[in-house]
Every structure is written in structure tokens, then in C-alpha cells.
Amino acid sequence: MEEYLRRVYPGSAEDFFKKAQEAMLSGQKMFVVTANPEILMSAGKNEAARELLLCEETEIVPDGISVVKAMEMLGLPVTERITGVDLAEKLLHSAGRAGRSVYLLGAKEEVVSALAKKLRAHYPSMDLRYHNGYDGDKDSIMKEIALLSPDLVLVGLGVPAQDILLYRHLGQFKKGVLMGVGGSFDVLSGMKRRAPAFFQKTNTEWLYRILREPSRLKRFWRSNVKFLGEVRRAQKKSPS
Ligand code: UDP
């Protein structure tokens with residue numbers, strides 16, 4: 001676990017956004033993984049997840065309070081949570097203002113098309129394309145996206161499938177910020193409500209999600225509780 005957490009960006013959300021924005025606007029390539037306990041735990045069993053987390057090209061940000069806490073427990077430098085949904089929103093805003101090209105892959109058709117409609121209304125000069133996350137072969141869609149070479153590629157298919165898919169096709173991209181965004185399209189389209197400010201400020205967004213969708217409890221238990229157990233074991237082993 002420590003080998004992945006050592007690679008997580010230690011600075012502020014604003015500084016990371018500026019770095020990603022600079023990459024996007026200057027035609028560089030950047031692959032961003034917003035790390036939550038789920039992807040970190042999946043690396044134990046899934047070779048592709050492990051490889052992408054250790055890849056030099058991958059920028060990892062701490063998406064979740066338990067990742068921040070884990071880094072603190074291991075004495076690693078960390079500033080704050082950097083969420084995929086906030087990063088996605090800011091990058092979309094920046095791409096929209098600069099009239100850049102964007103591809104959204106994922107979520108239900110009604111969700112991703114509602115988000116596209118909203119973005120086109122806000123940013124008429126944005127060159128925007130999208131595809132829902134349920135129809136068609138994902139690898140063929142990724143190949144088409146690579147040919148279009150957009151400045152921003154957001155993939156919302158859930159963790160870790162979205163990150164593994166992006167990583168598999170990374171070599172075909174010459175430029176662009178590529179990022180897995182989980183359920184962000186549901187929130188950014190307005191179809192699903194994000195946790196109110198109170199939950200966001202107190203780092204209890206996870207609690208809000210469980211209260212709204214109790215079926216998430218099992219997933220939460222599987223990833224978060226086991227994750228913190230693993231971090232505790234790493235803490236005991238580390239000399240500091
Ligand atoms: N999704 C999809 N295709 C699938 C399975 C899931 O497009 O085959 C989408 C789903 O509609 C949702 C997102 O992937 O928008 C996953 O959301 P969730 O909140 O579970 O993700 P998290 O952010 O918790 O990883």
C-alpha cells in the first residue's frame with residue numbers, strides 16, 4: 001500500500017488544478033487517477049491496476065478523506081483531499097472558456113447528454129463530443145477518441161474499470177488530460193445531488209452517500225475498512 005501512497009500528489013487542490021490546466025492548455029499529455037480506497041485495494045488483486053498506479057506517467061491525487069488519513073498515518077506529506085468531481089468541473093470550465101475539445105465517456109445516455117447540453121449552452125465554443133457508458137465496445141470507442149485527440153478526456157465508468165481502460169489506451173494519445181471521474185457526470189449534469197456543503201466541509205461526504213444509497217454500505221465496508229486495516233499494518237512495519 002505504501003508504494004502507491006508515496007506516489008500521491010502532496011500539494012493543494014488548487015495547485016494540482018493549475019498543473020492539469022497548464023498541461024491541457026499547452027498540449028501536453030497527462031493521465032490523472034483520483035485515488036480512493038477502492039482502486040488502491042484493487043491493486044492487490046489486479047495487475048493492471050497495480051501497473052497503472054506505479055507507472056511514471058500517472059499523476060495520482062487523494063480522492064477521499066481516508067486516503068489523506070492513510071498518508072498522514074504513514075508520515076507522508078499531504079495537504080488535502082482532491083476530488084475528481086471538483087477537478088472535472090474546473091477543467092471543463094477552463095476548456096470551455098478556451099474553446100478547447102472535450103470528450104465525455106460514461107454514465108447513462110440521459111445523464112451524459114444532459115451534461116453535454118448544459119456545457120454547450122454555457123460554452124458555445126467548446127468542441128464537445130460524448131458517448132454513454134453502456135452501449136458499444138469501450139475499446140473501439142477509446143480508439144476513436146484517441147484519433148480525435150481531444151484536449152480533455154473524462155471517463156466516468158466507475159473505479160477501477162475506467163482507469164484500467166484509460167491506461168490500456170494511453171499510448172495512443174499524444175496529448176490531452178485524461179482522467180477517470182467515477183459518478184461525476186451524474187452530479188455535474190444535475191441528475192444526482194452532491195452532498196450538501198456541511199458534509200463536504202466536514203469530510204463526511206461518504207456518510208451522506210451511504211445515507212442516500214444504503215446499498216453503498218457493503219462497498220464502503222469492503223474498501224474503506226479493509227483499506228485502513230492494511231494501512232495500519234504498513235504503519236507497524238515502517239520504521240518511523
Ligand atoms: N457506469 C457506466 N457504465 C457501466 C457501469 C457504470 O457508465 O457499465 C457509470 C454509472 O452510470 C455512473 C458511474 O459509472 O455514472 C459510476 O458511478 P459511481 O458513483 O458508482 O462511481 P464512484 O465515483 O463511486 O466510483
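These numbers come from a predicted model, not from an experiment. Each ligand, and each atom within it, is numbered from 1 in the order the structure gives. Note that the numbering runs from 1 along the sequence shown for the chain.
- At least one cation-pi condition fails for Lys29 and Phe173: the charged atom is not both under 6.0 angstrom from the six-membered ring centre and inside a 45 degree cone around its axis.
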Q. Yes or no on side-chain hydrogen bond (donor to acceptor under 3.5 Å, both in side chains) for Ser26 and Gln28, after CA distance, side-chain angles and deciding distance?
A. CA-CA 6 Å; Ser26 64; Gln28 295 165 46; 2.8 Å; yes
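- Of all atoms in ligand 1, numbered sequentially from 1 with element shown, those under 4.0 Å from a heavy atom of Val159 are 25 (O).
- Backbone and side-chain nitrogen or oxygen atoms of Gly183 are examined, and one is located within less than 3.5 angstrom of a nitrogen or oxygen of ligand 1.
- The environment of Lys108 atom NZ is sparse: at most 12 non-hydrogen atoms of other residues, nucleotides or ligands sit within 6.0 angstrom.
- At least one heavy atom of Tyr134 sits less than 4.0 Å from an atom of ligand 1.
- Residue contacts with ligand 1: Glu38 is placed with no nitrogen or oxygen under 3.5 Å of a nitrogen or oxygen of the ligand (distance criterion only).
- For atom 7 (O) of ligand 1, the closest heavy atom belonging to the protein is Ala107 N, 2.8 Å.
- Classification of the Phe199-Tyr208 ring pair by plane angle, with boundaries at 30° and 60°, yields tilted.
- Of the charged side-chain nitrogens involved, none lies within less than 4.0 Å of a carboxylate oxygen, so that Arg194 and Asp186 do not count as a salt-bridged pair.
- With values rounded to the nearest 0.5 angstrom, Glu38 atom CD is found 10.5 Å from Asp163 atom CG.
- At a 3.5 angstrom cut-off on N or O pairs, Gly106 does not count as close to ligand 1.
- Ring centroid separation for the pair His93 and Tyr123 comes in under the 6.0 Å cut-off.
- For the pairing with Ser101, the side-chain contact (heavy atoms from CB on, under 4.5 Å) check across Val153, Leu128, Asp151 returns one residue only, Asp151.
- Considering backbone and side-chain atoms alike, Asp186 places an N or O below 3.5 Å from some N or O of ligand 1.
- At a 3.5 angstrom cut-off on N or O pairs, Gly133 counts as close to ligand 1.
- Residue-to-ligand polar distances place Arg216 within reach of ligand 1: an N/O pair is separated by less than 3.5 Å.
- When hydrogens are left out, the protein atom nearest atom 13 (C) of ligand 1 is Gly182 O, 3.6 Å; that is the closest non-hydrogen contact.
- The closest approach between a heavy atom of Gln162 and any atom of ligand 1 is not below 4.0 Å.
- Looking at Met191 against ligand 1, nothing comes within 4.0 Å, counting heavy atoms.
- The two atoms that bring Cys55 and Tyr167 nearest to each other are CB-OH, 3.7 Å, heavy atoms only.
- Close contacts of ligand 1 with Gly156, meaning ligand atoms under 4.0 Å from a residue heavy atom, involve 7 (O), 9 (C), 13 (C), 14 (O).
- Regarding atom 22 (P) of ligand 1, its nearest protein heavy-atom neighbour is Arg219 NH2, 3.6 Å.
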